[in-house]
Amino acid sequence: MLDRRFSEFPIITKNDIRSSQETFLSKKIDRDRMVQMSTSGSTGTPFVCYQNAEKKKRVSAELIYYSGKIGYRLGDNLSYVRTVVKQNRKSALKQFLQNQTLINCMSLGEQGIEEMLGRFREISKHETMTILGYGSTWTAIKDYVEKKNITYLDGIHPVGLISGAEMLFDDTRETVRRVFGGVPMVSRYSNEENGVIGQDEGINNVFPINEADYIVEICDGKGNPLPEGKPGRIVITDLYNYGMPLIRYDTGDVSAIETIEINGRRKRCICQFSGRKVDVIYDTKGTALSPHSITNYMWSFPDIRQFQIVQTGKKEYKLRLNLPEEFNRKDELIAMLHKLVGGDAEFKLDIVEEIPVLASGKRRYIVNEWEGR
C-alpha cells in the first residue's frame, strides 16, 4: 500500500512536461551530462525527456536482464527492426560497438519483408542473434508467411524474439514462433522515457511489474488509484531518474493490475492491456506502411500538439492537426508525407482544437477508413 502522501502528488502528462520542460529538469545535474531520449508519445507527436548517466546504465542492465530470459547473452547480436530516421539512426561504428543491427521496417509490403528476412539470414551466418520488433511488424511477417504458405524460415536462427511498442496478438506469436523454429517469444512493455516496465512470462500479454525500478499505479481520470482488476491509466514513478524525475507520470496507456501466480510466485502484473489504437495505412501503390514510419517522421515537427492521419481512399488522406498559432511548416509537413506515401497522394488538411479519444481514453493517431484496403 502506498503512503497516502505519495498519492497527493499530481499526475503529470507528456503535455505538462512539453509545456514547461525546464521545471522538470534537475538543477544539480548539467543537462549536457544527461542523455536525451525521444519518443513519439501517446499522440504520435514527439516527446523529449532526459536521463542522468546512471539511470541510462540501469536501463541497459534492464535490457540485458530481460533479454536474457529468452536466451540473449551479452555479446550476442541484437537485431532491432524499427523505422530508422535521423533522430534514431546509429553510426556503423556505434552499432558495431554495441553489437546491434538496425533494420529499417518502413515498408511492410512483400518486398520490405523479404529484404528484412534477407538481413536476418545474413546475420545468422556469422552471429548468434536475438530479434526485437514492433507488434505490427511481427503481424506483417505472419501475414507474409501465411500468404506464401511458409512453414519454416530456412537459414534464420535466432535464440529468441521480442515484441514491443504494440500488442502482440496470440495468433501472431504462435505463427511467428513456428516459422522461426519454435524459439521463445515474449512481449515487452517498455518506453523510451522510463525503460522496461514488464515482460510477459508464461501467460501471454500479462506483464509482471519491474518493481525494482518503478512504482506502477492504475488511476482514474481524476488521478485516484483504482483497485486491482479495474482498468485505468497507467501511472509510473521512476525510482532512478535523477536527471528528470518522473513522479506519477501518465504513460498514455490503459490497463489493469492484478496479482497472479506465475511460475509458483504471486506477482503484481499489468494485464487487460489496451495500449494505443493504431491502424495500418498504405501508400498510393498499395504497400502497407509501418505505423512507426509515420510517427518517427513526425519527430521533425515537435511543435505539433496532436495529429491524426486518416486514409480515406487509395490515394486520399485526411490530416487532422492540433497546432500552436505560430506553426508555419504546413507545406513542409505535407511534402514530407508525400515522400512517405507517394507524390500522387491527395491530402485534406483539417485544423482542430482537440483530437477526440476513444471510450477507453486512448487517442488513435493512425486510422484507415478506406473500404478497398
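Just so it is clear, the values below take in all heavy atoms, side chains as well, and ignore hydrogens, waters and symmetry mates. Numbering starts at 1 and runs along the sequence shown. Here the structure is a predicted model, which is why all the values come from computation and not from measurement.
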Candidate pair K348 and E316, rule salt bridge (charged side-chain N to carboxylate O under 4.0 Å, His left out), full reasoning: CA-CA 8 Å; K348 179 181 178 181; E316 292 79 42; over 6 Å; no

Say you draw a straight line from [atom1] of [X] to [atom2] of [Y]; how long is it, rounded to the nearest 0.5 Å?
| X | Y | atom1 | atom2 | result |
| --- | --- | --- | --- | --- |
| I234 | Y214 | CD1 | OH | 13.5 Å |
| E346 | T312 | CD | OG1 | 9.0 Å |
| F307 | N322 | CZ | CG | 12.5 Å |
| E261 | K267 | CD | NZ | 10.5 Å |
| C271 | F207 | SG | CZ | 10.0 Å |
| F180 | M185 | CZ | CE | 8.0 Å |

Just by distance, no angles: are the side chains of [X] and [Y] close enough, under 3.5 Å, to form a donor-acceptor pair?
| X | Y | result |
| --- | --- | --- |
| Y189 | D200 | no |
| R188 | S67 | yes |
| T259 | E228 | yes |
| N77 | T128 | no |
| Y242 | Q51 | no |
| D250 | T13 | no |
| N149 | T151 | no |
| T172 | T139 | yes |

What heavy-atom pair brings [X] and [Y] nearest, and what distance separates the two atoms?
| X | Y | result |
| --- | --- | --- |
| G160 | T130 | O-CG2, 3.4 Å |
| R73 | G68 | NH1-O, 3.2 Å |
| I156 | S124 | CA-OG, 3.6 Å |
| G223 | R233 | N-NH1, 4.0 Å |
| R121 | L153 | NH2-CD2, 4.1 Å |
| Q199 | V186 | CD-CG2, 3.6 Å |

Those residues that, when tested against Q36, pass side-chain contact (heavy atoms from CB on, under 4.5 Å) (two or more places apart): S38, V48, Y50

For K330, give me all partners under side-chain contact (heavy atoms from CB on, under 4.5 Å), at least two apart in sequence or on another chain. L323, F327, L349, I351

Check whether Y240 forms a cation-pi arrangement with R58 (NZ or CZ under 6.0 Å from the six-membered ring centre, at most 45° off the ring normal).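 R58 over Y240 ring: yes.
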
Below 4.5 Å, heavy atoms only, C-beta onward: do [X] and [Y] meet side chain to side chain?
| X | Y | answer |
| --- | --- | --- |
| V367 | Q308 | yes |
| N204 | S187 | no |
| I215 | I247 | no |
| I162 | I131 | no |
| I209 | I270 | yes |
| V81 | W138 | no |
| N191 | I197 | yes |

Identify, with sequence neighbours excluded, every residue that meets ring-ring contact (aromatic ring centres under 6.0 Å, His included) alongside F347. Y317, H338

Taking it one step at a time, do R305 and N15 satisfy side-chain contact (heavy atoms from CB on, under 4.5 Å)? CA-CA 8 Å; R305 294 172 181 148; N15 280 337; 5.5 Å; no

If the test is side chain to side chain donor-acceptor pair (under 3.5 Å), which one of N241, N194, D238 qualifies with K55?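 Option passing the side chain to side chain donor-acceptor pair (under 3.5 Å) with K55: D238.
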
Crowding at CD, E174 (>12 non-hydrogen neighbours, <6.0 Å):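 12 or below, so no.
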
Between E127 and M129 (side chain of the first, backbone of the second, donor and acceptor by atom type, cut-off under 3.5 Å), is there such a pair? no

Under a 3.5 Å distance rule, please check whether K314 uses its side chain to pair with a backbone N or O of K285 as donor and acceptor. no

Test log, rule side-chain contact (heavy atoms from CB on, under 4.5 Å), inputs V183 and L161: CA-CA 7 Å; V183 299; L161 310 170; 3.8 Å; yes

Verdict with reasoning, V206 to I260, per side-chain contact (heavy atoms from CB on, under 4.5 Å): CA-CA 9 Å; V206 170; I260 297 173; 3.8 Å; yes

When you look at E122 and K125, which way does the salt bridge (charged side-chain N to carboxylate O under 4.0 Å, His left out) test go after all the steps? CA-CA 5 Å; E122 188 61 31; K125 291 178 182 177; 3.5 Å; yes

Hey, is K14 close enough to E193 for a salt bridge, meaning N to O under 4.0 Å?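 Answer for the salt bridge query: yes.
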
Worked check of salt bridge (charged side-chain N to carboxylate O under 4.0 Å, His left out) between E258 and R268: CA-CA 6 Å; E258 296 180 18; R268 291 180 74 242; over 6 Å; no

